[in-house]
Chemist: 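Right, I'll just put the structure down here and ask away after.
Letters A, B, ... mirror the listed sequences (proteins, then strands); counts begin at 1.
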Number of protein chains: 2
Amino acid sequence: MSRKPNLKDVAKVAGVSAITVSRALSDPDKVSEKLRAKVEMAVRQTGYIRNQAASALASSRSGVIGVIIPSLSNIVFNEVLAGIYEMAQPSKLQVLLGDCHYSPLEEEKLLATLLSQSPEGLILTGTDQTDHARRLLQNAEIPIVQIMELTDSPIDMNVGFSHFQAGFDMTRYLLAKGYRRVAFLGARMDPRTQQRLAGFSQAMADAGLEPLVQSTPQASSIKLGGQLLRSALSGNQGQLDAVFCCNDDLALGALFEARRMNINVPGQLAICGFNDLEASALVEPAITSVAVSRFEMGKTAVQMLLKPEQYRHQGGGIIDLGFNIVGRASA
Amino acid sequence: MSRKPNLKDVAKVAGVSAITVSRALSDPDKVSEKLRAKVEMAVRQTGYIRNQAASALASSRSGVIGVIIPSLSNIVFNEVLAGIYEMAQPSKLQVLLGDCHYSPLEEEKLLATLLSQSPEGLILTGTDQTDHARRLLQNAEIPIVQIMELTDSPIDMNVGFSHFQAGFDMTRYLLAKGYRRVAFLGARMDPRTQQRLAGFSQAMADAGLEPLVQSTPQASSIKLGGQLLRSALSGNQGQLDAVFCCNDDLALGALFEARRMNINVPGQLAICGFNDLEASALVEPAITSVAVSRFEMGKTAVQMLLKPEQYRHQGGGIIDLGFNIVGRASA
DNA sequence: GTGAAAGCGCTAACAT
DNA sequence: ATGTTAGCGCTTTCAC
């Protein structure tokens, strides 16, 4: 037999009907022990593997969830992904992953392709989906979780934390330490970075201070952190006593650059970051940062997909995972 | 109409037959311009999205490829993934991604689940698949690419580089610089790490030197690099003049730790790593490392899946992407 | 607890 | 260039 074995083939070998094999595989309890054993033998013997396309067509359950993240190269999303997979794989859920490169339009296109796979749920990053995307999602009638940010009006469910509040709190932390000339170094300037910036600006304004900002739409990197620091310093005649980097990559770059420029950290310049990457705790001086439970966020998102009713009736399907300012030597 | 629109619904609206709609969508050139326009209207009007399960069942083409990597948290694989997606998304190929946590057994299980989705191709990491996995793969009769390592006898196709050679060459590089008491710091000790170690041992043996090794099965991390360095030093009475870390995370950790211990790098101790992460080039002193084209590897793997005949007849379906030793101040 | 029949939505193969 | 027919492999429904 050269073609791939199907249910009938297995059924023939086991001496039962196809539907019995189907049941033995997907709902073993509904089949007598004897037949179950026979079927198992036959499956092994034939090397049968269920055709998920046929199964999905007949049952309208695809066994797949869709995930769209803005970037595969940003380590931050990998930890979220790791959390997603941690929950999904044991549930025998396959994950269809898409990378929209921070573009809502690409996200919209990906969405259309994803939806054609009839996913049983969807995890999307952020809240800036296009109108058309939202329409697609509405029609899909599947559970949807928006992650990373917090929103009052999720498409369906939402898990994340407030980037505004985190930016605000971190700035207050710096101000409480006595820093006054604080600059925000930002790269990419995606919605979440902008919210952090907004929090920063608010806190500075509240304190009657000028919010200094050095930003670029370029993708973030360690190297860029060094460049932004130089720009910020030259743009402000070196009159800075702290920089609040929109993420730890920039912060590391700024720290390395400061060392090259013989600027003492935190003596002459305080540096803080965002995300609390492993390196931040281990460099010298260790970098003050905002810790976020990314792994947890991924896990929670999948749990929400698995039991949507439960979560929708619990805080309106919105979960705030919060954040944590980790004070270290750099500030 | 509350249920999701299908081809017939669209056909009715457009006043054509279902198959025409199907063709207009998947092979526009085969349909007259007039009908194509009509169909497009009808699709938009109904909000139709193709049911990929039905399509896959009828055509036995799923539009999906499967990818299994050993770890989602290891940044190295993310860059490979980024390359994979870079090629896959424009080809409208969906990627089913699995994380086998460095376990061939988990890989085998994932494989079974993946295969039930009838992927059109498979990308696997490394060459240590279980026997049963190999049997499954043989029966699948789809193009398969093993990535990262190089092997003489791939299951189907192979793209990667020789970790043994890289370990060997890096060691020779150190020896040429005059270092003699060189220790290999290894974590995780997955097959590729072991090959690097084998290359190191060979080069040391060739030079008549004792290959010092400090290793642990623990997952690699920056922190662990510091710990391994301490162990290596205390295990060898501080009599080391260089450490060859199995990756850059360890190398960074070793460097940070050395600084804390007031050990001058490279004056008292040379440090080199593997993978050439961004940080390695930017820390002080910059870390000597082995550069590998991971992004390229991912892209190549997908290309091989797309045109298997072409690549199979070209070097037996094996592509050596090589590596590049990047000498920097740390050694 | 098991089976027979029907049909999920699409496309391949064969008309026209 | 367009339509008709049949069937992909499974599960749902209903019968026993």
Side-chain angles (χ1 to χ4, degrees), chain A residues 1-40 42-43 46-64 92 113 115-120 140, chain B residues 1-40 42-43 46-64 92 113 115-120 140:
Chain A
M1 168 158 48
S2 89
R3 100 191 171 316
K4 268 192 227 132
N6 60 23
L7 263 192
K8 264 192 198 163
D9 299 327
V10 180
K12 210 169 289 172
V13 172
V16 297
S17 72
I19 182 63
T20 302
V21 178
S22 173
R23 282 200 271 251
L25 293 177
S26 39
D27 216 343
D29 299 340
K30 291 204 168 174
V31 168
S32 70
E33 197 161 334
K34 253 189 192 163
L35 286 196
R36 212 183 325 165
K38 261 198 220 166
V39 167
E40 255 166 52
V43 166
T46 52
Y48 171 73
I49 292 188
R50 175 205 258 110
N51 180 328
Q52 186 60 39
S55 171
L57 179 57
S59 68
S60 30
R61 299 208 298 94
S62 62
V64 158
K92 287 273 178 187
T113 339
L115 285 174
S116 74
Q117 302 277 357
S118 317
E120 298 182 23
Chain B
M1 167 161 50
S2 90
R3 99 192 173 312
K4 268 195 225 126
N6 61 22
L7 261 192
K8 264 191 197 162
D9 299 327
V10 180
K12 208 168 290 171
V13 172
V16 298
S17 73
I19 184 67
T20 301
V21 178
S22 173
R23 281 199 274 250
L25 293 177
S26 41
D27 216 342
D29 299 339
K30 290 203 168 176
V31 168
S32 71
E33 196 160 334
K34 256 189 192 164
L35 286 197
R36 210 183 325 163
K38 263 198 218 167
V39 167
E40 254 167 52
V43 165
T46 53
Y48 171 74
I49 291 188
R50 174 205 258 112
N51 181 328
Q52 186 61 41
S55 170
L57 180 56
S59 68
S60 28
R61 300 209 296 95
S62 61
V64 158
K92 287 272 178 189
T113 338
L115 285 174
S116 74
Q117 303 275 0
S118 316
E120 296 182 24

Chemist: Which nucleotide of DNA chain C is the first, and which the last, in the 5' to 3' direction, to come under 4.0 Å of a heavy atom belonging to chain A?
Modeler: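 Contacts span dG1(C) to dG9(C), reading 5' to 3'.
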Chemist: How would you give the extent of chain B contacts on DNA chain D, as first and last nucleotide 5' to 3' within a 4.0 Å heavy-atom cut-off?
Modeler: dA1(D) to dG9(D)
Chemist: Using the closest heavy atom to pick a nucleotide of DNA chain C for each, name whichever of Leu57(A) or Lys30(A) lands nearer the 5' end.
Modeler: Lys30(A)
Chemist: Take Asn51(A) and Asn6(A), measure what side-chain contact (heavy atoms from CB on, under 4.5 Å) needs, and give me the verdict at the end.
Modeler: CA-CA 8 Å; Asn51(A) 180 328; Asn6(A) 60 23; over 6 Å; no
Chemist: Is it the case that the side chains of Ser116(B) and Thr113(B) hold a donor-acceptor pair, with the cut-off being a distance below 3.5 Å and no angle test?
Modeler: no
Chemist: Run Ser26(A) and Arg50(A) through side-chain contact (heavy atoms from CB on, under 4.5 Å) and show every step you take.
Modeler: CA-CA 10 Å; Ser26(A) 39; Arg50(A) 175 205 258 110; 3.3 Å; yes
Chemist: Run the side-chain contact (heavy atoms from CB on, under 4.5 Å) test on Gln52(A) and Ser118(B) for me, step by step, so that the C-alpha distance in whole Å, both residues' side-chain angles and the decisive distance to 0.1 Å come before the verdict.
Modeler: CA-CA 7 Å; Gln52(A) 186 60 39; Ser118(B) 316; over 6 Å; no
Chemist: Does the side chain of Arg36(B) reach to within under 4.5 Å of the side chain of Glu40(B), using non-hydrogen atoms?
Modeler: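 Yes, at least one pair of side-chain atoms sits under 4.5 Å.
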Chemist: Sequence neighbours excluded, which residues qualify as side-chain contact (heavy atoms from CB on, under 4.5 Å) partners of Val43(A)?
Modeler: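 Result, side-chain contact (heavy atoms from CB on, under 4.5 Å) vs Val43(A): Val10(A), Leu25(A), Val39(A), Tyr48(A).
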Chemist: Tell me what Arg50(A) touches on the nucleic acid: a base, only sugar-phosphate, or nothing, going by heavy atoms under 4.0 Å.
Modeler: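 It contacts sugar-phosphate atoms only.
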Chemist: If each of Ala58(B) and Ser32(B) is mapped to the nucleotide of DNA chain D with the nearest heavy atom, which maps nearer the 5' terminus, i.e. the 5' end?
Modeler: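 Nearest nucleotide further toward 5': that of Ser32(B).
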Chemist: Considering heavy-atom distances to DNA chain D, does Ser59(B) or Ser59(A) have its closest nucleotide positioned more toward the 5' end?
Modeler: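 It is Ser59(B) whose nearest nucleotide is closer to the 5' end.
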Chemist: Is any side-chain N of the basic residue among Arg3(A) and Asp9(A) closer than 4.0 Å to the acidic one's carboxylate O?
Modeler: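 Judged by the 4.0 Å cut-off on N to carboxylate O distance, Arg3(A) and Asp9(A) do form a salt bridge.
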Chemist: If only atom types and distance count, is the side chain of Thr46(A) paired as donor or acceptor with the main-chain N or O of Ala42(A) below 3.5 Å?
Modeler: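 Answer holds: yes.
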